[in-house]
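Shown next, in structure tokens, is the structure this report addresses.
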Amino acid sequence: MRSKAEQLKAPRGTRDLVGPLQDLFEKIEASGRRAAEAAGYRRISTPIFENAALFVRSVGEETDVVGKEMYLLQDRKGRRLALRPEGTAPVVRAFIERNLASAGLPVRLYYLGPMFRYERPQGGRYRQFHQFGCELFGSSSPAADFEVVGVARRFLEDLGVASHLVLNHLGCPRCKEAFARSLADFAKTISDRLCPDCRRRAERNPLRLLDCKVPDCRDLHSLAPEMELCEACSANAASIKNALREAGIEFSWDSRLVRGLDYYTGVVFEFRSADLGAQDAVLGGGRYDELVEALGGPSTPAVGFAAGIDRLALLLERTSSSPLRPFVVILPMEERQTLAAAELADGLRAAARKELPKHCSDREPVILSALRARRLKTALAEAAEAGARFVVILGENEMARGSVTVKNLDTREQWSVSVEDYSRAGGTNLAHFLREHSVPRKKAEQETISGGKD
RNA sequence: GUGGAUAUAGCUCAACUGGUCAGAGCGCCGGUCUGUGGAACCGGAGGUUGCGGGUUCGAUCCCCGUUAUCCACCCCA
């Protein structure tokens with residue numbers, strides 16, 4: 001007989017975010033929000049499913065992402081919907097549909113959330129994965145490209161992720177089109193000597209030819225025509241390089257960097273990590289000046305990027321993380337005080353809102369009640385292990401006196417604190433005491449996520 | 001979608017070529033210890049060896065299927 005757990009497992013390529021992994025996700029998301037908002041980006045949340053046609057028209061019918069990786073569904077009225085495989089198209093759709101340009105250009109938006117692609121799962125690659133992305137509408141200036149790369153970089157730096165920046169310039173639609181055509185023509189002449197993948201690429205996405213990893217193909221491709229940028233495009237590429245150099249941002253230029261989504265034009269870039277194996281792109285983006293118009297909006301230049309949160313979490317897994325550290329743990333001595341302990345904890349949390357110092361960043365202090373009585377020795381050891389600062393002991397003696405014993409786990413001092421009018425006064429007595437006796441910890445110790453155990 | 005590998009306790013891993021081999025460490029629970037600190041020692045619970053078939057007197061081990069994971073390709077975050 002099969003157990004329920006075996007029959008109902010999470011679908012392939014999906015996973016539950018819980019414990020340290022969830023902590024990590026929140027940390028990464030917080031860094032994203034910080035980096036984006038600091039540059040004036042506002043969050044947008046779009047639906048998780050859209051009309052399938054949106055992605056066909058933007059990402060491109062011939063790309064793998066829409067050709068074979070989309071989760072397609074039909075609702076009861078026969079509408080063709082798709083779980084979003086990427087974030088840019090929905091944001092552009094919303095930009096047009098909500099007439100966001102009316103607030104005045106440029107418009108800066110960021111998003112955070114799950115994306116879906118039907119792919120063979122691998123480390124750092126999931127069928128439901130998560131992205132943080134920024135989109136900047138309304139500027140064709142290299143300053144906009146520079147800004148977006150800068151936000152991306154700040155975000156990664158803030159997380160402490162080591163990565164290197166690679167850029168390329170695909171040219172304006174005219175350059176890109178011409179180059180693709182000449183590559184395809186070239187491929188045709190040597191078609192019989194190319195690997196099967198490259199033969200397919202020649203048809204569907206000639207630019208990708210340059211990215212082949214088969215050695216023989218690479219040799220052939222070295223004979224391929226070079227990208228020729230028009231005057232405007234090469235000036236654009238040059239000014240971006242200059243800006244990056246002047247800002248002291250390290251990067252490499254790779255003419256083989258081609259992104260798999262059709263809408264890219266102009267600058268494209270990736271941040272790669274050496275610690276990720278084959279899935280080394282941790283963040284990717286570029287310019288998509290034609291997309292807004294292609295989807296029915298006013299001609300509007302735009303740049304953006306998307307970062308893979310799951311991949312970042314993979315990189316940071318080693319360097320984290322401790323669970324929520326309690327500020328106070330209430331310990332009942334005997335079974336019959338457990339309910340009183342829970343009540344005390346509840347009242348203390350209410351009081352703490354107003355009265356306790358913000359001891360750990362932007363979170364409320366964590367106040368726990370132990371739900372069972374254990375030997376004091378073990379209970380104290382556990383509380384100390386969990387990193388609690390105070391322990392409140394509630395036993396026969398305390399109940400008789402109408403007080404509790406408060407112990408500071410750092411200094412080992414302890415006091416008897418009266419709680420007689422505790423509930424009437426909204427818990428001020430104990431809360432006040434704790435406030436008076438808590439000194440701010442050093443910064444490193446305040447971190448609830450990145451700080452290890454003492 | 002293609003090629004390859006793996007699957008044993010909550011976790012990390014053992015078990016010579018099929019024959020008491022279902023184990024260890026960590027974790028968890030309890031005791032030594034009736035109300036004061038992360039220790040030590042002792043004990044306990046937990047597995048039809050991913051699942052389903054097959055070969056065999058006998059399968060964790062061999063074969064087939066299946067599911068999941070990992071690696072590479074494709075592609076991408």
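In the text below, chain A, chain B and the rest are named by the order of the sequence lines, each starting its count at 1. No hydrogens, no waters, no symmetry mates; every other heavy atom, side chains included, goes into these values.
Computed from coordinates, the A:Leu380 CG to B:C33 C1' distance equals 14 Å when rounded to whole Å. A:Phe155 places its CZ atom 14 Å from the P atom of B:A77, with the value rounded to the nearest Å. If you measure from atom CD of A:Glu385 to atom P of B:G38, you get 10 Å, rounded to the nearest angstrom.
Partners of A:Arg57 under the side chain to side chain donor-acceptor pair (under 3.5 Å) rule, at least two apart in sequence or in another chain, do not exist in this structure. Under the side chain to side chain donor-acceptor pair (under 3.5 Å) criterion, A:Arg200 pairs with A:Asp197, not counting sequence neighbours. Under the salt bridge (Lys or Arg N to Asp or Glu O under 4.0 Å) criterion, A:Glu147 pairs with A:Arg108, sequence neighbours left out. The side chain to side chain donor-acceptor pair (under 3.5 Å) test applied to A:Arg208 returns A:Asp211, not counting sequence neighbours.
The side chain of A:Ile393 sits closest to B:G35 out of B:G35, B:A77, B:C75. The nucleotide whose nearest atom lies closest to any side-chain atom of A:Arg374 is, among B:G35, B:C29, B:G37, B:C29.
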At a cut-off of 3.5 Å, list every protein nitrogen or oxygen paired with a nitrogen or oxygen from nucleotides 1-7 of chain B, distance to 0.1 Å.
from : atom 1 : to       : atom 2 : distance (Å)
B:U2 : O4     : A:Arg120 : NE     : 3.3
B:U2 : O4     : A:Arg120 : NH1    : 3.3
B:G3 : O6     : A:Arg120 : NH2    : 2.9

Restricting both atoms to N or O, compile the protein contacts to nucleotides 67-69 of chain B shorter than 3.5 Å, with distance only.
from  : atom 1 : to      : atom 2 : distance (Å)
B:U69 : OP1    : A:Gly13 : N      : 3.1
B:U69 : OP2    : A:Arg12 : NE     : 2.8

All N/O contacts under 3.5 Å from nucleotides 42-46 of chain B to the protein, with atom names and distances to one decimal?
none

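Pairs passing the salt bridge (charged side-chain N to carboxylate O under 4.0 Å, His left out) check and including a residue from residues 59-73 of chain A, sequence neighbours excluded, read A:Glu62-A:Arg204, A:Asp64-A:Lys68, A:Asp64-A:Arg204. Sorted by first and then second residue, the salt bridge (charged side-chain N to carboxylate O under 4.0 Å, His left out) pairs involving residues 45-55 of chain A (not counting sequence neighbours) are A:Glu50-A:Arg93. Applying the salt bridge (charged side-chain N to carboxylate O under 4.0 Å, His left out) test to pairs two or more places apart or on separate chains, those with a residue in residues 156-165 of chain A are A:Arg34-A:Asp158, A:Arg153-A:Glu157.
A close approach under 4.0 Å does occur between a side-chain nitrogen or oxygen of A:Arg375 and OP1 or OP2 of B:G31.
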Both atom distances under 3.5 Å, Watson-Crick or G-U wobble: I'd like the secondary structure of RNA chain B as a dot-bracket string, with | for pairs made across strands. (((((((..((((.....[...)))).(((((.......))))).....(((((..]....))))))))))))....
Table please: side-chain donor-acceptor pairs of residues 109-121 of chain A below 3.5 Å, with sequence neighbours left out.
from     : atom 1 : to      : atom 2 : distance (Å)
A:Tyr110 : OH     : A:Glu37 : OE2    : 2.5
A:Arg117 : NE     : A:Pro85 : O      : 2.7
A:Arg117 : NH2    : A:Pro85 : O      : 3.0

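With C1' as the reference atom, B:U55 and B:A59 are 10 Å apart, rounded to whole Å.
With rounding to the nearest 0.5 angstrom, the CG atom of A:Leu73 is 7.5 Å from the CZ atom of A:Phe49.
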